[in-house]
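For reference, the structure is listed below as structure tokens.
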There are 2 protein chains.
Amino acid sequence: MREKAKLEDVAKLAGVSPTTVSRVLNNRGAISNKTRQKVNAAIQELNYHPNEIARSLFISKTNLIGLIFPTTAHPFYGEMVFHIEKILSEKNYKVLICNTMNQAQKENSYLNMLLANQVDGMIVGAHNIGIEFYQKANLPIVAIDRKVSETITVVSSDNYSGGRLATEEILNQGRTKIIHINSVRQEEAPSSYLRRQGYEDVMKEHGFPYKTYELELPFDTKGKKQILSDILNRHPDLEGMFVSDDLTAALALSMIRKQDKDIFVVGYDGTEAVTTCLPELTTIVQPIKAMAQLAVDLLLKEINSGFKDIQKNYILPVTVRRGEK
Amino acid sequence: MREKAKLEDVAKLAGVSPTTVSRVLNNRGAISNKTRQKVNAAIQELNYHPNEIARSLFISKTNLIGLIFPTTAHPFYGEMVFHIEKILSEKNYKVLICNTMNQAQKENSYLNMLLANQVDGMIVGAHNIGIEFYQKANLPIVAIDRKVSETITVVSSDNYSGGRLATEEILNQGRTKIIHINSVRQEEAPSSYLRRQGYEDVMKEHGFPYKTYELELPFDTKGKKQILSDILNRHPDLEGMFVSDDLTAALALSMIRKQDKDIFVVGYDGTEAVTTCLPELTTIVQPIKAMAQLAVDLLLKEINSGFKDIQKNYILPVTVRRGEK
DNA sequence: ATGAAAGCGCTAACAC
DNA sequence: GTGTTAGCGCTTTCAT
């Protein structure tokens with residue numbers, strides 16, 4: 001295995017100094033055409049690739065962005081990560097991906113790893129360690145759907161309206177016996193709380209009883225099914241369910257079909273993947289692409305402004321996607 | 001924004017030499033307990049994080065792995081990337097993610113980016129540029145579902161058997177008028193060709209006519225639907241379809257339902273997400289986690305053996321997942 | 001238009 | 001046990 005060529009090798013082969021090669025590479029300063037050609041020829045011949053690591057070390061900038069999310073295996077995050085990476089790569093940034101699987105310990109060690117690797121910034125959509133860990137990082141960070149904070153910018157979609165819309169969608173079907181299934185409330189994640197609030201407010205306004213299940217949903221399908229089954233049994237006359245995650249909603253839907261019940265299910269997220277698989281599911285659509293775009297824009301602004309206080313909360317609107325008949 | 005502490009700052013504060021700090025950090029050599037404590041205290045106080053970039057530069061190893069895939073927005077790749085990252089992170093490797101969106105130009109520039117960033121190796125599941133680009137990289141690489149090559153290890157699942165199984169599954173329903181829908185054949189991607197071969201061989205063996213559509217499927221759902229609709233119209237008496245991608249199969253399924261036809265659809269991939277959304281779909285399940293594990297194992301072996309010739313093709317078995325009634 | 005030299009933050013000989 | 005020194009591959013003053 002031939003050793004990798006370095007800048008010095010190129011310089012020697014081209015008969016110039018390392019400085020000159022560097023100038024050609026970075027298009028800086030004035031270079032004669034003849035020199036440029038010699039250098040380029042040498043680069044070609046040696047199949048030379050500049051060492052970004054060395055470059056990063058010198059300029060104290062890596063163009064590396066860390067992404068911390070629960071798991072790309074979930075379509076919501078898979079699509080979110082896709083959009084973020086796509087937008088960042090167009091601006092010449094590279095993306096380090098971290099799947100925390102909702103484990104605080106992993107999130108913490110990923111955070112330290114990213115700091116050690118000198119990322120220029122981070123986009124965080126995981127919710128398990130205190131915001132103070134991130135504040136200590138002293139780095140441009142944008143959070144997605146996280147707790148409001150004095151120093152970290154948050155991008156989210158309108159979870160409260162989402163909860164309201166979902167509930168109204170069911171009520172519009174003439175159904176009033178409606179429960180809500182949510183993930184367990186996490187201190188740092190207001191989204192589930194807001195969705196719940198939206199649901200409960202609407203029910204209260206109409207004077208209907210409401211019931212929210214905050215579940216610590218297990219990762220495996222079997223466990224989820226068991227829990228859902230118990231809930232269905234407990235509500236034999238149920239007419240509607242607002243389930244704050246499409247995948248769990250899908251599970252509920254298929255159980256309902258099997259039991260030949262008539263329960264109207266509304267889900268949450270509205271990813272491409274789930275919409276393709278389950279076009280009949282009514283769901284609240286989060287603007288994933290727009291959230292990704294905004295998060296990136298804000299992050300790059302922080303990075304380029306020297307991390308000054310443009311911290312704020314941004315809330316993007318959600319929409320209803322009515323299931324196809 | 002306080003400047004980042006560096007090793008030298010820690011050394012000064014602790015009243016020792018940089019070397020000693022480095023030794024404490026890396027647990028190398030013999031250090032007195034007292035010194036270790038002083039150093040650790042200084043590290044704490046300064047909130048010091050070792051600069052991995054500088055370290056990488058010196059030791060000529062980044063512990064960085066590049067992942068090149070079409071898009072994490074597709075559940076198959078989303079899940080694949082999740083598993084790969086999870087396994088790699090346990091071995092202290094970091095992951096740079098690249099979404100090529102099936103564009104050769106992007107794939108090529110990602111490849112160069114990864115080389116410039118001194119990745120220790122790559123796992124590639126995209127199929128748009130010639131294998132020779134990768135060979136030039138002169139780096140440990142494992143390909144997933146790519147063309148067989150003399151110098152690059154390939155991990156795939158048994159696409160030929162998958163094609164056969166899918167077809168037999170439909171025949172077992174007593175259906176014989178079966179078509180196959182595949183993505184357009186790409187020179188470097190044998191998987192679609194092998195699935196097609198499996199389908200056609202089984203049909204031939206039974207003496208039934210066969211028809212394969214190799215489609216350049218557009219990215220948008222609308223376009224896909226149009227194409228599928230045309231195909232359905234062309235085959236009014238169709239009894240079965242083998243569609244070599246679950247998402248496209250899901251689209252076909254919902255159209256078939258709407259038209260109230262009786263066509264048995266078998267898909268391909270068997271991801272968690274699609275299985276959850278569409279438990280009634282029969283599909284060929286690729287062993288995503290096992291493929292990820294094997295790909296990582298082989299890659300790390302190449303990296304640690306100094307990239308010697310353990311190149312080979314590994315084919316993992318697929319299974320049938322029968323749709324729930 | 002080009003080159004010499006210093007240094008980004010770290011580690012590994014090699015001393016003592 | 002601990003420190004001194006050189007250097008990983010690059011860029012950038014500061015010369016010329």
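Keep in mind that what you see is a predicted model, and the values were worked out from it rather than measured. Chain identifiers are assigned alphabetically (A, B, ...) following the order of the sequence lines, protein sequences preceding nucleic acid strands; residue numbering begins at 1 within each chain.
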I'd like a table of donor-acceptor pairs (distance under 3.5 Å, sequence neighbours excluded) in which one partner is a side-chain atom from residues 70-78 of chain B, with atom names and distances.
unit_1	atom_1	unit_2	atom_2	d
B:Thr71	OG1	B:Ala73	N	2.9
B:Thr72	OG1	A:Gly78	O	2.9
B:Thr72	OG1	A:Phe82	N	3.4
B:His74	ND1	B:Phe76	N	3.0
B:His74	NE2	B:Asp245	OD1	3.0

Under 4.0 Å: is that the gap between some side-chain N or O of [X] and OP1 or OP2 of [N]?
| X | N | result |
| --- | --- | --- |
| A:Asn51 | D:dC8 | no |
| B:Tyr48 | C:dC10 | yes |
| A:Ser22 | D:dT12 | no |

**Request:** Answer yes or no: does atom NZ of A:Lys61 have more than 12 heavy-atom neighbours from other residues, nucleotides or ligands under 6.0 Å?
**Result:** yes
**Distance-only side-chain donor-acceptor flag, A:Gln44 / A:Asn40, under 3.5 Å** = no
**Asked** 5'-most contact on DNA chain D: B:Ser60 or A:Arg23, nearest heavy atom basis?
**Response** B:Ser60
**Request:** Tell me which nucleotide among C:dG3, C:dC8, D:dG1 gets nearest to the side chain of B:Ser32.
**Result:** D:dG1
**Residue A:Ala30, side-chain atoms from C-beta onward, closest of C:dC10, C:dA1, C:dA13** = C:dA1
**Request:** Mind checking A:Thr20 for me? I need base, sugar-phosphate or nothing, with any heavy atom below 4.0 Å counting as a touch.
**Result:** sugar-phosphate
**Message:** Counting the atoms with a prime plus P, OP1 and OP2 as sugar-phosphate, which does B:Ser56 contact under 4.0 Å by heavy atoms, base, sugar-phosphate, or nothing?
**Reply:** nothing
**Message:** If I take atom CG in residue A:Leu25 and atom C1' in nucleotide D:dT11, what distance separates them, rounded to the nearest angstrom?
**Reply:** 11 Å
**Prompt:** Given A:Val21, which of A:Val39, A:Asp9, A:Thr35 fulfils the side chain to side chain contact (heavy atoms under 4.5 Å, CB included) condition?
**Reply:** A:Val39
